[in-house]
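One structure below.
Computed from a predicted model, the values in this text were never measured in an experiment. Note: hydrogens, waters and symmetry copies are ignored here, and every other heavy atom, side chains too, is used. Here, residue 1 is the first one in the sequence, and each next residue gets the next number.
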Amino acid sequence: MDPLTAISLASSIVQFIDYSTKLIHGAKEIYCSVTGATEENYRLENVTAEMQTLSMKLLPRQDAQQTEDEQALSRLAAECKILSDQILALLKSIKPKDFNSKRQSVWAALKSNQLELQLNFLMRWSETKTKLEELAKIANEETIRLDVLQGHVRQLRRGVTVTEIGQRAQEQLRELLNLSEAACQAVAQQSILKALAFSDMYGRFEGVEKAHLNTFGWIYGDKPSPKADPDINQHQKDNQSDEDDASVQREKWTNWLSSGNGIFHIAGKLGSGKSTLMKFLCSHPQTKVALQKWAGHRRLVFANFFFWKPGSRLQKSLEGLFRSLLCDVLRGCPELIPEVLPDAWRQAISPTWQTHPSLYFCNEKIRTGFYRLIKLRNVYENHCFCFFIDGLDEYEETGQEDYKSMVKLLHEWTALAPDDVKICVSSREYNVFLNLFSTEKRFRLQELTAADMKRYIKDLLEEIEDQKGRENLIDAIVKKADGIFLWVAVVVKSLRERLEDGYDLPALEKELDTYPKELDPLFTHILKSMSRSAWQKVYQISALIDLLKSYELNLSLFSISFLENFENDPEFAMRDTFPFPSLDADSLRIRQDSMGKRLNGCCKGLLEIRVGETPTSTSAPIVTYTHRSVPEFLQTWKQGADTNLGLDKFNLEIAISQLILAELRATNDRPSNDNKILSLTVRSIIKMRALRSLDQAPFTFLEYLQSTLLEDNSSASDSWKYVIPIAANVSAWFGTGPRLFVTSPFLISVFLGQNSYSVWKIGKTTHHW
């Protein structure tokens, strides 16, 4: 694109934005003053004609030789053209058929404000206009000098002497260019890594419980210390057979790490502790030591991914697997980025005076980049890769790619570089995994954890003073568990509660006899042992967790503490007499601790408390499942239950709305309007309520939510002052621009196209215009 064309196009865009902004600001005046008079109609016709003329100017000339900056300018012009067409369509439709109809005037006003938000999105307030004006000025005055300067820079980088610049200046410029180039590369690398990463990339890994003290040490020959296990010598004698089996599997494992190839498969029953072991292996220093023997003089690049079926889309998909592994590898080896992602690198490394479009990686580009990495033969001269992938059975199959397809992909990776890429995977003992992975590179976890279980149980039941009786009880638990560590954890938790209730050893043995083998029968036993109100509570909380997870949100422990208030009054959070306004830190902690104890008491190990993000905190107690088998079981048991669970009268969307509103009203230290989770929470509430058609005039819930989130509890008429500053940064809502996240229910309703609330609110404030 020649400079004159660029200047003309930029000028047209600036003219368009200027005129469009004036038009929108004048729209309300038009709507409020329309009387059907010829003067007003004539004004509208003139506006339409001028908009048509401006729109035609925005058509850029197609030029195959355009630079990236010129392409960006053309794209912006195209966006303006689309927006101008929308304005023309709006202008043709704003003439009210009934000039005395207030409703038609309100609808017209809404269209005007929606269009104003779109213009602000395009402009990023006045920033775009300013940049375009600067661009036109530079293109007009500095084109020749910029070309000359760029030529000097290229010559300096090649070491060529530039006669127009002094020797001393050239040396200083070379130093500056080297420094600047390194800084630009670092910025470009971080920009690409940021675009690859996703928020819950390590969520499952961090959520897996750390291995209990002295468990899984057998895999590296670690011996429990006598201080940790005073009876270690006797245990070794009693468990000699288990120790021998562990020794054989240990040798198989360490040989694969230090000198083997291909894929090693850790198989195990549901709840046998596979994820805990994988986290242990990823974190244990001996893993890297053994792998470094395999790597030799080369740099060892290690990455992991933990599939998680109850998690977000990326946590349970191949897209998430590719994205996470590629991001981890390139974070460790940023020098590989230009070869692995050349297009993104050229875009990110462009000179600082050029526009930097936001980086986006589609699934296809990420896969292409990953395979380019695996196929780069020159990379393996100095690098080798090892990937740990947990929970293959937690991958969510698609119509195009099932478990078998996924395993085929993994085998492809190691086949492309058999001496340079190796993978450790874990899964349940599904036939597809047992058939497609080598038995020579596999062990079955449930056959190796008896000693670990005994140590775990002994630590938790240490208050039983009868040592011989305690040992017999431990042996009975391990035998009945049949290698399922989760079964042990649930049963031991129940027995510890019985100890608190005063049970003696014989009573505990009888209690153990009542517990069935395997997890599903155990869960059934636990539910049947609960009171009706307790298992109803479990199903209510389970349903709340599932619905929030579908919106990628967590259920906070604090919000659950209001569940009884909601059952007593489904609108309790909207009452002026709300009894928990702005709790201080001590009161909040006491309420959470009390709810945690009640939850542990009624849920019997099916649910647990972890730490996660909530609308009011980036690190707060949340309620989730003990294991991903729990929701599967609860769903099956509910379908087969003979009794009515009473959930048909429990409205999930209303419950979540009230519990979160209560949490916001009761929390004094709320995050500011740039809180991503709070923004996502408000958006999700509006969407789920809209799907159920829960909100009609006078929109009591949304109004309470709006007033709660506005810092000064502004009146409805004042809410307009929040529109423009937030709309100016609305690009952040779509993942670009300043990191400001909209939390106003009114604005989010506009963005989502939920116009009933917006129309009502605008109509309510019409007399303030």
How about S324 and Y202: does a side-chain donor come under 3.5 Å of a side-chain acceptor? no
Paired with D695, the salt bridge (Lys or Arg N to Asp or Glu O under 4.0 Å) test is passed by just one of K687, K761, R689, namely R689
Mind checking whether F650 and Y539 have ring centres under 6.0 Å apart? no
S427-Y403 side chain donor-acceptor pair, cut-off 3.5 Å: no
Gap between atom OG1 of T626 and atom NZ of K493 - 0.5 Å precision: 8.0 Å
Short N-O contact, D482 and K517, less than 4.0 angstrom: no
When you check the side-chain N and O atoms of Y430 and N435, is any donor under 3.5 Å from an acceptor? no
Do E663 and T614 have side-chain heavy atoms sitting under 4.5 Å apart? yes
Do NZ/NE/NH1/NH2 and the carboxylate oxygens of D546 and K549 come within less than 4.0 Å? no
Please determine, by modelled atom types, if S317 and E396 share a side-chain donor-acceptor pair under 3.5 angstrom. no
Is E571 salt-bridged to R575, going by a charged N under 4.0 Å from an acidic O? yes
Answer yes when K537 and E567 have at least one side-chain N-carboxylate O distance shorter than 4.0 Å, and no when they do not. yes
